Structures are given as C-alpha cells and as structure tokens.
Amino acid sequence: MRMRPTLSWTPAEDPPPGSTDLAPVADALSTGGVLVLSGAGISTESGIPDYRGVGGSLSRHTPMTYQDFTADGRARRRYWARSHLGWRTFGRARPNTGHRAVAAFARHGLLSGVITQNVDGLHQAAGSEGVVELHGSLDRVVCLSCGTFSPRRELARRLEEANVGFEPVAAGINPDGDADLTDEQVGDFRVMPCTVCGGILKPDVVFFGEAVPPKRVEHCRELVREAASLLVLGSSLTVMSGLRFVRQAARTEKPVLIVNLDPTRGDRHAVTRVALPLGTALAAVAGRLGIPGH
C-alpha cells in the first residue's frame, strides 16, 4: 500500500465540536489494553511544528515527495541542505509532558503498544519501549542502491566536512526535519553518496507518495487486533497511513478516542474527540489515574 500524498483534507459536512471531557480517555486507560497512535501534534510542545494546525508548516511548505527525491538531483540537493540544517534543531528537541505521560501509562501497564507517525524519536527519549515508527526515523539513513543502513550522525559529520561555512538562517523547521531555505541559501550544497557503493542516500523515513513497508503495516494491524481500544494523540489522520488503523478499529467495534485540538478525518469513527492541548490533557488524565512522574 502507498502512503497517499494528501496534503489537506476538508470535511464533507460541519464536524461535531470537540469535547473537553477527559473521562472517556481516563476510563479507557483504566481498563488497560490501549493502543496509542500519535502524530505531529504531540511534538509541538517540544518545539517541532505540526503540518496542519494553526501555524502548521503546510501553510508555507510542501513536503518532499519520494518521486521528486528519486528523480531529481536538484531536489535532493535542496532536501539534504534543508534537512542537514533541520537535523540540528531535531537534535536539540526534548520530550514534553505528552511524551512523558505516554511513557508513564506504559510503565503502569495501561498500554498494549505505541505507534507513532513521527520521525523525531521523542517517545523513545521519554522512556517508551517497543515504539513502532510507522514512517521511520530521521536517526537512520539508507542507500537506495545497496540497501545499507547507517547512523544519521555519521552522514551529518560528512556533510559538515563537505560544506564548511554552511550556516543559513532558516525561516522555520518542519515536522519531517526539513528547514525552510530559499534556493539562494541552498546554493551549491554538496550531497554525500553512500560510502559502500556510491549510491543515493535517503533518510530512513517514508516520504509523501512512498510505500510504508508492508511488514510494518501488518504489524500495526496486528496491534490493532490485539488492543482493547485505540487512542489517537495529535494526528489529523489526513493521510491513509494512520487513518486505516482507525477504520480497522471501528470496523471491529473497538472504541476509538481522539485527543486533538482540531477536527480530524477520523472523528466520525470516534466515541469522542477531546479538543485540548495534549500536554494539558494527558497530564490531567495521569493525575486522575494517580500516576506520578508525568
């Protein structure tokens, strides 16, 4: 299956208003077996913007597509220049209250798993284990020719050495780690090839228009089958890669609960959508459940 390059979504009718009642979320967690599906909205309080909320990056930025990256050397130069700069910001980001609350829920045995659409590694940094990175991770790089994986930090070092003095000021950083730079700022940025075969390097993340690995999708489907309920945190569910799991849960009559300030593409499948900031909401739920250290 391919991740649809859907950049926006408009509801066919006026969506129902969000709730501020956290009781359904607390009740679901208290019974256990909750599968978390998180999106970019859970990382905004760590300084990483989301795509579609107020001030979201899609208002100024079109994410790189797999087709453009593989077909156009100039597109790859722009991407790596921007991503190299954005990587520094990602490296400084730290888990926030929402990430820590999810980790605390897991430690207390309330979760059956965590699937994230994010590529920032902040769930793991907060202490969550066994996180399924649906769209991959910016920590890794893969060669499109020989398939060799390598740490991003090694590529970052090579790019630093090849582009001494590259210090542009970005207009903003996006959820995929791509900084906003003009073509003039990108200049003649040098892109590094694979050290094994000289092939094209790509971050080990799923670009818009690229396939999520089938085994990863099936693993997520199995987690949905085994879960008692699905809790969506900070995702608009605009792209099918996450929405399909909401639809799967709804088809099997598993409760779907959503915490997201704005309406989502999955609202009609949910028993509730809580329209509160994630950090505030999850800290309050943890307090209700008597869970410290969030």
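Just so you know, these numbers come straight off a predicted model, no measurement behind them.
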Under a 3.5 Å distance rule, please check whether [X] uses its side chain to pair with a backbone N or O of [Y] as donor and acceptor.
| X | Y | result |
| --- | --- | --- |
| Arg265 | Thr238 | yes |
| Asn96 | Ile42 | yes |
| Ser30 | Asp27 | yes |
| Asn118 | Asp120 | no |
| Asn163 | Leu159 | yes |
| Ser43 | Ser46 | no |
| Arg76 | Thr70 | yes |
| Thr44 | Ala40 | no |
| Glu133 | Thr116 | no |

Can Phe208 and Tyr66 be said to form a ring pair (Phe, Tyr, Trp, His ring centres under 6.0 Å), step by step? CA-CA 6 Å; Phe208 280 84; Tyr66 181 77; over 10 Å; no

For a quick test of reading the model, state the closest non-hydrogen atom pair linking [X] to [Y] and the distance between them.
| X | Y | value |
| --- | --- | --- |
| Leu138 | Pro203 | CD2-CB, 4.1 Å |
| Gly39 | Ser235 | CA-CB, 3.9 Å |
| Ala81 | Val186 | CB-CG1, 3.9 Å |
| Ala250 | Val256 | N-CG2, 4.3 Å |
| Ala28 | Val34 | O-CG2, 3.4 Å |
| Met64 | Asp68 | SD-CB, 3.8 Å |

Pairing of Arg273 and Asp267 as salt bridge, 4.0 angstrom limit: yes

Taking NZ, NE, NH1 and NH2 as the nitrogens, is one of them in Glu161 or Arg157 under 4.0 Å from a carboxylate oxygen of the other? yes

Show me the donor-acceptor pairs, under 3.5 Å and distance only, between side chains in residues 223-234 and residues at least two apart or in other chains.
unit_1, atom_1, unit_2, atom_2, d
Arg225, NE, Glu222, OE1, 2.9
Arg225, NH2, Glu218, OE2, 2.5
Arg225, NH2, Glu222, OE1, 2.7

Hey, does [Y] have a side-chain heavy atom less than 4.5 Å from the side chain of [X]?
| X | Y | result |
| --- | --- | --- |
| His108 | Leu29 | no |
| Leu35 | Phe245 | no |
| Val36 | Ile115 | no |
| Phe69 | Trp80 | yes |
| Thr272 | Ile258 | no |
| Ser83 | Arg152 | yes |
| Thr148 | Val142 | no |
| Arg244 | Val217 | yes |

When rounded to the nearest 0.5 Å, the distance separating CG of Leu134 from NE2 of His219 is 11.0 Å

First locate atom CZ of Arg82, then atom CZ of Arg77, and finally report the distance between them rounded to the nearest 0.5 Å. 13.0 Å

Donor-acceptor contacts under 3.5 Å from residues 275-291 side chains, at least two apart:
none

When you look at CZ of Arg268, are more than 12 heavy atoms from neighbouring residues, nucleotides or ligands closer to it than 6.0 Å? no

Is the number of heavy atoms from other residues, nucleotides or ligands within 6.0 Å of CD (Glu160) greater than 12? yes

Quick one about Ser241 and His135 (side-chain donor to acceptor, distance below 3.5 Å, no hydrogens or angles considered), yes or no? yes

Would you please say whether a donor-acceptor pair under 3.5 Å links the side chains of Ser128 and Arg100? no

With clusters defined by side-chain heavy atoms of hydrophobic residues (ILVMFWY) lying less than 4.5 Å apart, directly or transitively, does Leu22 cluster with Leu261? no

Treat each ILVMFWY residue as a node, draw an edge where side-chain heavy atoms are under 4.5 Å apart, and state whether Phe207 and Leu155 are in one component. yes

Between side-chain atoms of residues 187-202 and protein atoms elsewhere (two or more places apart, or another chain), which donor-acceptor pairs fall under 3.5 Å?
unit_1, atom_1, unit_2, atom_2, d
Lys202, NZ, Val205, O, 2.4
Lys202, NZ, Glu210, OE1, 3.2
Lys202, NZ, Glu210, OE2, 3.4

